Each structure stands twice: as structure tokens, then as C-alpha cells.
Amino acid sequence: MTSSTNTYPPGPADWRRSLIEIQRSPTEFLLDLQHTYGNFVHYRHGPAHCYLINDPDLIRQILVDDADQMMRPPATGRSIGKFLGHGLLTTSGKYHHQQRKVIQPIFTPTWVESYAETMRQSVSDLTATWRDGDARDLVTEMADLTMNIIYRTIFGISPDALQNTVRSAIDTLQQYSGEMMRRTPQVSEADCQLAIAQLDAAVEELVAHHQQSGNQGDLLSRLLDTKTADGHPMTSQQIRDEAVTFFVAGQETSANALAWLFYLLATHPDQEAKVRESFGSSSPLENAYAEWTILEALRLYPPAWLIGRTPIETYTIRGYPIQPGDSLVISPYVLHRTSDFYAQPDIFWPERFQDALPRYSFLPFGAGPHVCIGQPFAMQEIRIALEMILANWRYELTSDAPIEPEPLITLQPRGEISVVLHKIGAS
């Protein structure tokens with residue numbers, strides 16, 4: 001352990017052991033750091049100096065108060081930036097501010113609400129393929145659902161043959177970025193370039209379709225009509241980068257959030273029954289239960305499980321100087337499982353959201369100027385899917401073996417979540 005008289009706050013001294021543990025499981029490594037050393041920890045990730053920040057006051061300071069003194073860490077550009085380019089998910093500073101200011105008006109409450117019916121139709125299309133007694137994988141089913149929704153709402157068309165190509169490209173992106181984080185690169189450069197070309201081709205086809213058909217009221221149409229801060233149309237590269245970002249951020253995060261939500265309910269049948277009963281209840285308290293359940297699932301399994309920043313100039317935290325290029329690591333997965341802020345943090349207990357939580361102790365969508373721009377869209381999508389599926393279906397897991405998380409860009413279930421479907425009311 002390093003001493004407070006040294007350059008660094010407390011943390012493990014053996015960086016080689018730390019690297020091995022990160023490669024084995026980044027989430028467990030960060031949880032162990034917090035349990036052992038507290039809420040401000042220094043560790044080495046190979047040659048890089050990293051600081052786990054798990055204190056809500058420090059999180060507010062880094063993500064909100066001093067956000068203009070921070071930027072995305074270089075690793076972001078080397079991993080997901082390789083695929084996404086300069087979209088909202090990878091940029092910082094003035095460019096990010098300008099792009100967000102241009103794109104933010106697209107995500108108005110009216111625009112989000114206008115797609116509720118499209119979301120409902122997508123859920124109906126999915127469940128129309130289900131039969132009583134079917135064995136299904138919830139991970140695949142929720143990925144199909146959210147891909148359908150993204151195509152219809154963001155791009156204004158129904159999924160076509162390209163969706164499998166896009167999903168393959170996103171899988172490559174996820175795997176590559178996860179390996180970059182662990183420093184265990186295995187995805188080849190040729191595979192990366194193929195995935196990038198597949199994403200480029202998908203966006204080019206969608207843009208060409210819109211240029212022929214005119215404004216269809218979807219997000220891509222609005223991007224094509226949007227002017228930048230200097231009054232010019234967005235370039236083809238800007239449109240490509242933002243469109244690919246919405247593919248990844250919009251589809252992957254919601255798919256994983258829904259898969260984890262239904263998994264938790266499958267393992268907690270009493271809570272599942274309460275959620276089903278809460279829909280349509282005249283009691284405000286009962287009606288809020290579904291919302292609490294969604295939030296509790298996002299607490300335990302936040303899709304955006306890791307947030308990184310690096311200071312633009314030397315930045316001091318509690319007397320310790322943090323240098324440009326050092327990584328300030330905020331993990332909602334760790335934060336949400338800290339007993340300082342949550343009683344019995346490993347327990348699935350939706351009622352905890354009946355009371356106010358400490359500010360900046362709950363970050364499923366981030367905070368500050370980089371807070372997820374699609375948060376209202378995602379919450380509406382998840383609630384609609386939850387209500388429509390539980391109204392007509394029950395499901396049981398085919399195995400009691402726990403599903404482990406796989407921390408890539410998003411926090412995915414490792415492997416399938418295999419269930420048997422039961423139609424409510426079926427004889």
C-alpha cells in the first residue's frame with residue numbers, strides 16, 4: 001500500500017498483480033479496490049496511473065463542477081473511437097459542446113414521446129413470434145427488439161438484411177474495446193477494418209435512402225437538416241460518426257438493460273408479480289413500483305459501467321497531483337454497490353428508490369455535460385417493453401446458474417439468458 005506521504009493515495013503496490021486481476025475481471029478488481037482501500041484509490045494499469053473515484057462529492061467535482069478541465073482519456077480514442085470516430089460518445093471540450101448543442105434539440109420530450117407507438121409496435125412484432133412453451137434467449141430477443149426500435153425511430157425504416165452485418169460489426173467493436181481495456185488484444189486489425197467498413201456502408205445506405213425519400217421525421221433526417229454552430233450543414237463524416245454512435249449507444253445499452261431487468265425479475269418472482277400489478281394501478285405508490293424496478297436494475301447492472309476522464313492540466317485531488325494522461329476512473333457498477341450509499345447493496349430491492357439517494361451516488365446515465373443525451377428515449381423504451389411483455393408473458397430460467405456480467409463497452413450478460421416462455425391465460 002502506498003502511503004499518504006508519497007505522491008499517490010492508498011492503493012496496491014504490485015502493478016503486475018493488478019494487471020493480472022484486471023485481465024481476469026475488471027469489475028471484480030475495481031470492487032476489491034474499493035472494499036480494500038476506500039473511495040479514492042491509486043493503481044497502475046501497466047504503465048498508466050489510474051485513480052478510482054468513488055466519492056459522490058469528488059464525482060460531482062470531476063464530472064460537473066470542473067468538467068471543462070477534463071477530457072476523455074486517450075484510451076477512449078484508441079478503443080471505441082477507432083470505430084465511432086468523433087461522435088458525442090468519444091469527444092470532449094469545445095467540439096463536444098458544439099455538437100451536443102446542435103443535436104440536443106432533436107431529443108425534445110415531444111420527439112421522444114412521438115416514438116412511443118413505434119416502440120409498442122416493435123414489442124408487438126417481437127412477441128408475435130413467441131409461443132407458449134418456447135425456449136428463448138433473452139439476450140438475443142432484447143437485442144432484436146432494440147435493433148428494430150433503433151432502425152425505425154432513428155433511421156426511419158424497418159430492419160433489413162443489413163442489421164445482421166451491423167450487429168456483427170458492433171460485436172467486433174465490443175470485443176476489441178474490451179480487450180484493449182484488459183491489454184489482451186486478440187481481435188485483428190483486419191477484423192477492425194472490416195467492422196468499420198460495415199458500419200460505414202450501413203450509414204451510407206441509410207443516408208442515400210433519406211436523400212431519395214426526403215425528410216421522414218426520424219433522427220437521421222433531422223441530422224441531415226441540422227446546421228452546425230457556424231451555420232453550415234453537418235459534414236458527411238459528422239453525420240456518419242453521430243449515426244454510428246446512436247447505433248451503438250442506443251441499441252446496445254437498452255438491449256443489455258432489458259436483458260438484465262428481465263433476468264432479475266425471473267430470479268425474483270414476487271417482485272415480478274408486483275410490477276405486473278403496478279401497471280394501471282390507481283395508487284401513485286403502486287404505480288411507481290415499475291419505475292423503481294427499472295432503476296434498481298440499472299443500479300445493479302448499469303450498461304455504462306465505466307466512465308473515464310483525464311485532466312487537461314495538472315489537477316489536485318485532496319493534495320495529490322493528477323497529471324494529464326492519468327486516468328480518473330468512475331465506475332457506476334462499483335458506486336452502486338457501495339454500502340456507504342446503499343443498504344445491502346447486492347440485494348435486488350426496488351423499494352430503495354422510494355427515498356432520495358445521496359446526490360451523485362446513482363449514475364446509470366452519467367452526469368454533467370456528458371450525461372447521456374438519450375436517457376429519456378431509453379427510459380421510455382424500457383418501460384414500454386416491460387409493461388407490454390409482463391402483461392402477456394411469464395418466463396422461467398432454464399438453469400439456476402447465476403449469469404455473470406461481461407464488462408466490455410457496455411455491461412453485457414456473459415452468455416445466454418435461457419428462458420421458457422409462458423403465455424398468461426394459456427391453458
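What you see is a predicted model, and the numbers here were worked out from it, not measured in a lab.
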>> Quick check: Phe247 with Tyr151 (ring centres under 6.0 Å apart)?
In response: yes
> Without hydrogens or angle criteria, can the side chains of Gln412 and Glu252 be said to hold a donor-acceptor pair below 3.5 Å?
Replying inline: yes
>> Contact between Phe83 and Asp241 at the side-chain level, heavy atoms closer than 4.5 Å - yes or no?
In response: no
>> Show, in sequence, the C-alpha distance, side-chain angles and deciding distance for Arg24 and Glu28, and conclude whether the salt bridge (Lys or Arg N to Asp or Glu O under 4.0 Å) test is met.
In response: CA-CA 9 Å; Arg24 182 181 300 120; Glu28 290 304 312; over 6 Å; no
>> Ignoring hydrogens and geometry beyond distance, is a side-chain donor-acceptor pair present between Gln198 and Thr165 at under 3.5 Å?
In response: no
> Have Gln193 and Glu189 got a donor and an acceptor in their side chains that come within less than 3.5 Å?
Replying inline: yes
>> For Asp326 and Thr310, which I'm curious about, is there any donor-acceptor pair between the side chains at under 3.5 Å?
In response: no
> Would you say Gln69's side chain and Ile312's backbone share a donor-acceptor pair under 3.5 angstrom?
Replying inline: no
>> Is a donor from one side chain sitting under 3.5 angstrom from an acceptor on the other, for Tyr360 and Gln61?
In response: no
> How long is the gap from OG on Ser79 to CD on Glu179, to the nearest 0.5 Å?
Replying inline: 12.0 Å
> Rounded to the nearest 0.5 Å, what separation is found between the CD atom of Gln271 and the CH2 atom of Trp349?
Replying inline: 11.5 Å
>> Once you measure the plane-to-plane angle for Tyr395 and Phe262, does it fall in the parallel (<30°), tilted (30-60°) or perpendicular (>60°) bin?
In response: perpendicular
> Can a donor-acceptor pair be found between the side chains of Ser188 and Asp191 at a distance below 3.5 Å?
Replying inline: yes
> Any idea how Phe107 and Phe246 line up, ring-wise: parallel (<30°), tilted (30 to 60°), or perpendicular (>60°)?
Replying inline: tilted
> Does a salt bridge link Lys274 with Glu351, judged by any charged N lying under 4.0 Å from a carboxylate O?
Replying inline: yes
>> Taking side-chain contact (heavy atoms from CB on, under 4.5 Å) as the criterion, tell me which of Ile59, Leu52, Ile307, Asn39 meets it with Leu335.
In response: Ile59
> For the side chain of Arg352 and the backbone of Ala343, is there at least one donor-acceptor N/O pair under 3.5 Å apart?
Replying inline: yes
> Does a donor on one side chain sit under 3.5 Å from an acceptor on the other, for Ser254 and Thr146?
Replying inline: no
> For His86, does the NE2 atom have more than 12 heavy-atom neighbours from other residues, nucleotides or ligands under 6.0 Å away?
Replying inline: no
> Relative to the ring of Tyr333, is the ring of Tyr301 parallel (under 30°), tilted (30 to 60°) or perpendicular (over 60°)?
Replying inline: tilted
>> Whether the Thr410 and Gln174 side chains hold a donor-acceptor pair (N or O, under 3.5 Å, no angle test) is what I'd like checked.
In response: yes
> Any salt bridge between Arg152 and Asp125, counting N to O under 4.0 Å?
Replying inline: yes
> Going from CD1 on Ile149 to OH on Tyr115, what distance comes out if it is rounded to the nearest 0.5 angstrom?
Replying inline: 12.5 Å
> Less than 6.0 Å separating the ring centroids of Tyr320 and Tyr51?
Replying inline: no
> With the threshold set at 4.0 Å, does a side-chain nitrogen-carboxylate oxygen contact exist between Arg136 and Glu141?
Replying inline: yes
> If you take all heavy atoms of Gly366 and Val371, which pair is closest and at what distance?
Replying inline: O-CG2, 3.8 Å
>> Regarding Arg60 and Asp55, does a basic nitrogen lie under 4.0 Å from an acidic carboxylate oxygen?
In response: no
